[in-house]
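Notes to accompany the following structure.
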Amino acid sequence: MIKYKTREEIELMRESAQLVSKTLGMLAPKIVPGAIPLELDKMAEEFIRDHGGEPGFLGMYGFPNSLCMSPNAQVVHGIPSKDPLKEGDILSVDCGVYMNEFYGDHAYTFAVGEVDADTKRLLADTKESLYVGIREVVVGNRIGDIGAAIQEFTEARGYGIVRELVGHGLGRKMHEEPQVPNYGRRGRGKKIQEGLVIAIEPMTNLGTHRIKQLKDGWTILTADGKNSAHFEHDVAVVDGKPEILSTFQYIYDALGIEPEEYEKV
Ligand code: MG
Ligand code: MG
């Protein structure tokens, strides 16, 4: 059953989402060659607790850390390692916060120094595909319209869009109904209604959409070893339209990046 949120609940969720946003912004300038993911994870945990939240992922389903950190061919659910980041790597950072009895959950893929042209394009296009999906979150549409729009955009540019992992409803639980796939058919799935809050999170591969899992029981990586990107926002339906509760602005402020035109919604 989908748990639709009141305006008051959405405001509480915005605070949880914004603490994730600030955590990612705090990390952004530290994601450089030589940085140790496990140390960044500890900084994030401290930052979240100092700001009145709890790390949302720590201990969830038995996950050992506060952040999922997935470099290069890792798609999602990577465990922060002691291996230093290298020039030309990419690093997907997924962060969850529990605060005010609600979860925030979003993700950004960072370039570590200068990355190759194909990878740069992968990051830009995956981020844009997230907003292509968000634009479909209007009353009158269906959940399938979100995935269909993301899949059309992604496959037209020659990428593989991951099927096995999906976005989700968000609220007092990290994963609520409905599932929000990044592929699908228009006109399918539940109707989008006022008060829906979902996490939309395209996972896009430079090569095949196929994935495999490491023996650690967590890390998902691309089947062909090519790079993968992951961007995620928390989105509420307010007055029939999408309202993004999270923001990448703290990351942009830290890195001196201008938001794209399509982000100014
Ligand atoms: Mg996430
Ligand atoms: Mg999520």
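Predicted, not measured: the structure shown is a model, and the values here were computed from it. Both counts, for ligands and for their atoms, begin at 1 and track the order of listing.
- Taking 2.8 Å as the threshold, Glu201 does not count as a candidate ligand of the Mg ion (ligand 1), since none of its N, O or S atoms lies below it.
- A 6.0 Å sphere centred on CZ of Arg157 holds more than 12 heavy atoms belonging to other residues, nucleotides or ligands.
- Distances from the Mg ion (ligand 2) to the N/O/S atoms of Glu232 are shortest for OE2.
- Between the Mg ion (ligand 2) and His168 there is an N/O/S contact shorter than 2.8 Å.
- With respect to the Mg ion (ligand 2), Asp105 has OD2 as its nearest N, O or S atom.
- At a threshold of 4.0 Å, the pair Lys173-Glu101 does not count as salt-bridged, since none of the basic side-chain nitrogens sits closer than that to a carboxylate oxygen.
- Using a 4.0 Å cut-off between charged nitrogen and carboxylate oxygen, Arg142 and Glu136 do not count as a salt-bridge pair.
- The pair Glu9-Arg14 fails the salt-bridge criterion, with no side-chain N (NZ, NE, NH1 or NH2) lying under 4.0 Å from an Asp/Glu carboxylate O.
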